Q: 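First the structure, then my questions, so here it is.
Labels below follow one simple rule: chain letters A, B, ... track the order of the sequence lines, proteins then strands, and each chain is numbered from 1. Because the structure is predicted, anything quoted here is derived from the model rather than measured.
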Amino acid sequence: MDTDNTARGGQRAGRYNHIAIEKKWQDVWEERGTFVAADSDPRPKLYVLQMFPYPSGNLHAGHVRNYVIGDAIARFWRMKGYNVMHPMGYDSFGLPAEQAAIDRKIQPADWIEQCISTARRQFKRYGFSFDWTREVNTSAPDYYRWTQWLFTTFYRQGLVYRKQIEVNWCEEHGVLANDEVKDGACWRCDREVSKKKMAQWLMRTTDYAQDLLEGLDDLPGWTQRVVKLQTNWIGRSEGTHADFAVPAITDSCPAGEQPVLRIYTTRVDTIFGCTFMAVAPDHPLAEAMAAAGNMSDKLATFQEECASEDVRFKVAEEKPKRGIPLGVNCINPFNGEEIPVWATNYVVSDFGTGAVMAVPGHDSRDHAFAREYGLPVRQVIRPADAAVEVDVQREAYTEKGLSINSGDFDNMDFHTAKAAMDNWLMHHHHGESAVQYRLRDWNMGRQRFWGAPIPMVHCTACGWQPVPDSELPVRLPAEADYSDIRVSPLANDEDWKRTKCPACGGAAERDTDTMTTFMCSAWYFLRFCDPHNDNAIFDPAKVAAWMPVDYYIGGQEHAVGHLLYSRFITMVLQKLGYLQLARPDFAGELPKLGNEPFRRLFNQGMVYKDGAKMSKSKGNVVSSDELADEYGADTARIFGLFGGPADQDLEWTTSGVEGGLRFLRRVYRLAQAVSAAPNLEDSLPEMAENAVRARHRAVAGVSEDLCNWRFNTAIAKQMEYLNELEKLWQQADGNDHSGAFRVALTSFAQLLSPFAPHIAEELWEMFDGPGLCADSEWPIHDPAMLVESTLELPVQVNGKLRGRITVAAAASAEDCLAAARANEDVARWLEGVSVIKEIVVPGRMVTFVVK
RNA sequence: GCGGAAGUGGUGGAAUGGCAGACACGCUAGGUUCAGGACCUAGUGAGCGCAAGCUCGUGGGGGUUCGAAUCCCCCCUUCCGCACCA
């Protein structure tokens, strides 16, 4: 492939030279500040946001495809007259920088700086219409200062607390968030993950579980898929708390302080079928109960077994159900029945209350356990349809039905029984109806160097103290010492740790954990609205002017983590009064759920090559620089959009890229031929009219497809337009009538501009368009020009295509039928049969139903 | 197991109740060029046929309809989430 098409002798002068063209227009856009978004502008605003990358070296074809989607959208709406903000930045804290620093023996800050300048240069080679004046970088002190400010602000509001928790522990990468664990293994190194107890800072996301859930109703612009994923992740369930007394441990306690075994169940209607109690091995009362039942040693052994089991069995189904009796009984509050308490490996301590009323007749897990240990099975629910046979001894009946063997609650359906039983519990002070969420509080800390230091100081006298705002940012030390890679360099840096207590001024120590990068990226879209503010995290007026994000484009791997945390941060900031997204309506009322940051969400597909997702680790990347050198940014952009629907995965093929290049070369060649011809009045009016009609058709089709994010068909329509123009130009067979073609190609440039912006500018210039193509007003079509004077209609007989007729566009149904009957291919099928029905779909087809 | 998405030529994909395969890639033949992974023209779902044309055809089976890739029911396959959540 020539990289310099004009260099060789004998070439036709002016052959499409993507290198020269692309550089030329990138420089022009940069000089003129074409894509800088002004805060005050009379046009309506449109915030187009693309998930910012982790800058880990070179961009590849996968990134190109991802970002060209949002760029096409941003450019399209810009031309449609919107004041578009389309910013970009870098999510630059996190593990890979640290790994690179260890591998290459350089500082993470130096490494990431190189990566960022490479990424910025590579982005610019693709002509993305980013407003570079708004660039943010999460690892820069003037950014993480505000990440830290969020932490201390939330801490002062009581939203951050410290707790000993079991964390996911990877030997190589330390503590992992739940969403960093895949199938029981670390998402980065596939190493098995174990559990470890550690004091961590937690964010009270669970306080907002209900708000986060309800907010989803306000997001019709999100895909059902993501809404469902978040709904499941939050995992609301409605059930009942019920208290079971344990006389063996309460007898020795003073009245009023007697502990009870509290259970959570969604099937309180089955409580009369409860034949034993199952608690987690590490339930808070387990040891007390074991002590009372003389089972302490056995419980300790069991607890150890379970801890190692958690690591061995990644999938719950593979884990055999096991347990030990604790030697004590508890009392069912409804019937006073005494049932044994077991510690079991199938009850987890961090959901509900860590204790389960076991109903083997109506729960398959309890049933499996009861079978294993010979515990009794009792039926308390029967199917509403008496014809259905049920044998709970053989298999648990888990459907809802009517209560039996349940005392006063017999013959009630589920809802009646639950309401009556919840009411009974509340009345007798043994429980109440309850709601549970699967969502857990958010672990903020990582035992890593390359992150925003958690701005907390520990003083032996005053305890934990937040660093005052005036002392933010708490900067990372300039040098990280990686001689001992098992420990965070911060924890080993005595000079850095040593500080004064903000409260008493005495000697104190800094927290050596850094924040999860999910925190850094949970608010960057707000900072883009006011990226250089040194006095505040942002100016609420500027945020109110730009937010919410109108289009958010990114990978579906962030469907839960990043998007949920961003929603949470926005929600809390709004609640604390730092931010007001929802504007009061005319009555001064705030819309209930007007605090969602991302109005519409678009998940692009991934790019595959050789059957695997394109990634550096798979070794199947096509580098963006090579691609731009060899084929050009415009060609790569065209292929990325043309290869298939943007929300589906795309297989990267060289032949497909070449097809894109061929298309642009043909465009360029036609443009050159037309521009070289004398600009004269059209002497062939019919041909000129065909060119005009083709233009209106293309404008209508491309505009509609772009509104619906159908880039592949939009480009197909431009290819059709080009095919028509080429054919007409050939028919013109001369050069005394280029007027219509000049107009056609000027519009062509505009239609091409969102996809292949560099060549579009070149064509625009070639045909003397005013200013820049990127600044031009998107063309509109005249619907009257889409109406053809004659139509070709298919004719069906009994649903089978039998012929085609050509009729005037305005032809009546009678005329169509007459023309159809007159058609000899159709007439053959109408001979010797009786027509029982005639259907004319105007403009679409003619059908005869015969017998 | 539960939930979601998908299944159309040799390939990527179009068509969301009305001409299946737009637009490309690939392939075949011809042309053009000193040469080219350049360009142009024509052809290209399968089967039958000299042809006009006919039959079949959107994972499989059934249904609704004058008409189904599209709507409904059952089944199969693939991919992706979640998974002892009580």
Q: Could you please name the option among B:G12, B:U55, B:G37 that lies closest to any side-chain atom of A:F642?
A: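 Given the options B:G12, B:U55, B:G37, the side chain of A:F642 is closest to B:G12.
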Q: Quick check on B:C66: is either OP1 or OP2 less than 4.0 Å from any side-chain nitrogen or oxygen of A:W829?
A: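 No, no such contact exists.
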Q: Between A:R262 and A:E432, is the closest basic N to carboxylate O distance under 4.0 Å?
A: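 Yes.
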Q: Would you classify A:R802 as touching base, sugar-phosphate or nothing, given that sugar-phosphate means primed atoms plus P, OP1 and OP2, and contacts are heavy atoms under 4.0 Å?
A: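 The residue A:R802 makes sugar-phosphate contact but no base contact.
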Q: Please measure how far the C1' atom in B:G59 lies from the corresponding atom in B:U8, and state the result in whole Å.
A: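 It comes out at 10 Å once rounded to the nearest Å.
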Q: How many Å lie between CG on A:N232 and C1' on B:C80, as a whole number?
A: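 Result: 13 Å.
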Q: Base, sugar-phosphate or nothing for A:N712? Non-hydrogen atoms, less than 4.0 Å.
A: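 The answer is sugar-phosphate, as A:N712 gets under 4.0 Å only of primed atoms, P, OP1 or OP2.
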Q: Consider the side chain of A:K837, meaning its heavy atoms from C-beta on, and name the nucleotide among B:G37, B:C66, B:A86 that approaches it most closely.
A: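 Output: B:C66.
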Q: With sugar-phosphate meaning primed atoms plus P, OP1 and OP2, does A:T847 contact a base, only sugar-phosphate, or nothing at under 4.0 Å between heavy atoms?
A: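 If one applies the 4.0 Å heavy-atom cut-off, A:T847 turns out to touch a base.
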Q: Could you tell me whether the side chain of A:R378 and the main chain of A:F272 form a donor-acceptor pair under 3.5 Å?
A: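 Yes: the side chain of A:R378 pairs with the backbone of A:F272.
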Q: Which one, B:C23, B:C25, B:C84, comes nearest to the side chain of A:R662?
A: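 Among the listed nucleotides, the one closest to the side chain of A:R662 is B:C25.
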Q: Would you check if the side chain of A:Q604 reaches a backbone N or O of A:G555 as a donor-acceptor pair within less than 3.5 Å?
A: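 It does hold such a pair.
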Q: Compare the minimum distances between each of B:A14, B:G13, B:G18 and the side chain of A:T713, then state the nucleotide with the smallest one.
A: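 Closest of the options to the side chain of A:T713: B:A14.
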Q: Is the backbone of A:V392 close enough, under 3.5 Å, to the side chain of A:H367 for a donor and an acceptor to pair up by distance?
A: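 Yes, because the side chain of A:H367 sits within donor-acceptor range (under 3.5 Å) of the backbone of A:V392.
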Q: Which of these nucleotides, B:A86, B:A24, B:G26, is closest to any side-chain atom of A:S655?
A: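 Output: B:G26.
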Q: Return yes if some donor-acceptor pair links the side-chain N/O of A:R267 with the main-chain N/O of A:T398 below 3.5 Å, else return no.
A: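 Yes, because the side chain of A:R267 sits within donor-acceptor range (under 3.5 Å) of the backbone of A:T398.
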Q: If you assign each of A:L650 and A:V849 to its closest nucleotide in RNA chain B, which residue comes earlier from the 5' end?
A: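 Looking at RNA chain B, the more 5' nearest nucleotide goes with A:L650.
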Q: Can you tell me which nucleotide in B:U41, B:C23, B:C80 comes closest to the side chain of A:Q730?
A: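 Closest nucleotide among those given: B:U41.
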Q: Taking B:G9 as the reference, what is the distance to B:C56 when you measure between their C1' atoms (whole Å, please)?
A: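 Going atom to atom, C1' in each nucleotide, I get 14 Å.
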Q: Is A:K418 paired with A:E238 through a side-chain N to carboxylate O contact shorter than 4.0 Å?
A: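 Looking at A:K418 together with A:E238, the answer is no, because their closest N to O distance does not fall below 4.0 Å.
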Q: By the 4.0 Å heavy-atom rule, please label A:Q436 as base, sugar-phosphate, or nothing.
A: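 It contacts nothing in the nucleic acid.
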Q: How do A:S237 and A:L801 order along RNA chain B: which one's closest nucleotide is nearer the 5' end?
A: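 Taking each residue's closest nucleotide, the earlier one in sequence belongs to A:L801.
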Q: Base, sugar-phosphate or nothing for A:V359? Non-hydrogen atoms, less than 4.0 Å.
A: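 No contact.
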Q: Does A:D441 use its side chain to pair, donor to acceptor, with the backbone of A:T206 at less than 3.5 Å?
A: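 At least one qualifying donor-acceptor pair exists.
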Q: Need one value for A:G235: base, sugar-phosphate or nothing, where a base atom within 4.0 Å counts as base even if backbone is also close, heavy atoms only.
A: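 If one applies the 4.0 Å heavy-atom cut-off, A:G235 turns out to touch nothing in the nucleic acid.
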Q: For B:G9, does the O4'-C1'-N9-C4 or O4'-C1'-N1-C2 angle fall within 90° of 0, making it syn, or is it anti?
A: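 Syn, since the glycosidic angle lies within 90° of 0.
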Q: How is A:N723 classified with respect to the nucleic acid when contacts are heavy atoms under 4.0 Å: base, sugar-phosphate, or nothing?
A: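 Sugar-phosphate: the residue A:N723, judged by heavy atoms under 4.0 Å, touches backbone atoms but no base.
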Q: Touch check for A:K800, heavy atoms < 4.0 angstrom, all strands: base, sugar-phosphate only, or nothing?
A: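 Result for A:K800 = sugar-phosphate.
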Q: Rounded to whole angstroms, how far apart are CG on A:L722 and C1' on B:A24?
A: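 Answer to the nearest Å: 13 Å.
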Q: Determine whether a donor-acceptor pair (N or O, by modelled atom type, separation under 3.5 Å) exists between the side chain of A:S349 and the backbone of A:G354.
A: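 Not confirmed, A:S349 side chain does not pair with A:G354 backbone.
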Q: Nearest whole angstrom, please: distance from the P of B:C84 to the CD1 of A:I263.
A: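 In whole Å, B:C84 P and A:I263 CD1 are 19 Å from each other.
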Q: For B:A15 and B:U58, measure between their C1' atoms and round to the nearest Å.
A: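 It works out to 11 Å between them.
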Q: Using a heavy-atom cut-off of 4.0 Å across all strands, would you classify A:V795 as base, sugar-phosphate, or nothing?
A: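 No contact.
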Q: Base, sugar-phosphate or nothing for A:E651? Non-hydrogen atoms, less than 4.0 Å.
A: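 No contact.
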Q: Ignoring hydrogens and angles, tell me if any N or O in the side chain of A:T205 forms a donor-acceptor pair with the backbone of A:R440 under 3.5 Å.
A: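 Yes: the side chain of A:T205 pairs with the backbone of A:R440.
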Q: Would you state whether a donor and an acceptor, one from the side chain of A:K321 and one from the base of B:C84, lie under 3.5 Å apart?
A: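 It does, because a donor-acceptor pair links the side chain of A:K321 to the base of B:C84 below 3.5 Å.
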Q: What integer number of Å spans the P atoms of B:U70 and B:G7?
A: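 Approximately 11 Å lies between the P atom of B:U70 and that of B:G7.
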Q: Any N or O donor-acceptor pair linking the side chain of A:Q224 to the base of B:G4 at under 3.5 Å?
A: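 Under the 3.5 Å cut-off, the side chain and the base do not form any donor-acceptor pair.
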Q: Spell out yes or no: do the side chain of A:Q230 and the base of B:G81 have one donor N/O and one acceptor N/O closer than 3.5 Å?
A: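 Per atom types, no contact qualifies.
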Q: Considering only the C1' atoms, how many Å lie between B:G57 and B:G21, rounded to the nearest integer?
A: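 Their C1' atoms lie roughly 11 Å apart.
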Q: Would you check if there is a donor-acceptor pair between the side chains of A:Y16 and A:Q672 at a distance under 3.5 Å?
A: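 Side-chain D/A pair, A:Q672 to A:Y16: absent.
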Q: Rounded to the Å, how far apart are A:Y608 OH and B:C79 P?
A: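 In whole Å, B:C79 P and A:Y608 OH are 11 Å from each other.
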Q: Provide, to the nearest angstrom, the distance between the NZ atom belonging to A:K228 and the C1' atom belonging to B:C82.
A: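 Between C1' of B:C82 and NZ of A:K228: 12 Å.
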Q: Identify whether any heavy atom of A:L229 sits under 4.0 Å from a base atom; if not, whether one sits that close to sugar-phosphate; answer base, sugar-phosphate or nothing.
A: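 Counting heavy atoms under 4.0 Å across all strands, the contact made by A:L229 is with sugar-phosphate only.
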Q: Counting side-chain heavy atoms from C-beta on, which of B:C80, B:C54, B:A24 comes nearest to A:R666?
A: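 Between B:C80, B:C54, B:A24, the one nearest the side chain of A:R666 would be B:A24.
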Q: With P as the reference atom in both, quote the distance from B:A22 to B:U44 in angstrom, rounded to an integer.
A: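 After rounding to an integer number of Å, I get 10 Å for this pair.
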Q: Look at A:E720 together with A:R697 and state whether they make a salt bridge at an N to O cut-off of under 4.0 Å.
A: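 Looking at A:R697 together with A:E720, the answer is no, because their closest N to O distance does not fall below 4.0 Å.
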Q: Give a yes/no answer on whether the side chain of A:R828 brings an N or O atom under 4.0 Å of OP1 or OP2 in B:G53.
A: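 Looking at the OP1 and OP2 atoms of B:G53, neither is under 4.0 Å from any side-chain N or O of A:R828.
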Q: Closer than 4.0 Å, any side-chain N/O of A:R438 to the OP1 or OP2 of B:A83?
A: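 Result: yes.
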Q: I need the CD1-P distance between A:I836 and B:G67, as an integer number of Å.
A: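 My rounded result for the distance is 10 Å.
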Q: Out of B:C25, B:A22, B:G37, which nucleotide sits closest to the side chain of A:E720?
A: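 Selected nucleotide: B:A22.
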Q: Describe the nucleic acid contact of A:R844 in one word from base, sugar-phosphate, nothing, applying a heavy-atom distance below 4.0 Å.
A: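 Answer is sugar-phosphate: A:R844 comes under 4.0 Å of backbone atoms only.
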Q: Dot-bracket for RNA chain B, please, read 5' to 3', with Watson-Crick or G-U wobble pairs under 3.5 Å on both distances, ( ) within the strand, [ ] crossing, | other strand, . unpaired.
A: (((((((..(((.....[....)))((((((.......))))))((((....))))..(((((..]....))))))))))))....
Q: May I ask you to say what A:M845 touches in the nucleic acid, namely base, sugar-phosphate or nothing, with a heavy-atom cut-off under 4.0 Å?
A: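 It contacts base atoms.
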Q: Please name the residue in the list A:R666, A:Q731, A:R669 that meets the side chain to side chain donor-acceptor pair (under 3.5 Å) test with A:E726.
A: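 Only one option passes, and that is A:R666.
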Q: Using the P atom in both, what is the distance from B:G26 to B:G12, to the nearest Å?
A: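 Each nucleotide's P atom is 14 Å from the other's.
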Q: In whole angstrom, give me the gap between the P atoms of B:C72 and B:A6.
A: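 Between the two P atoms, the distance is 12 Å.
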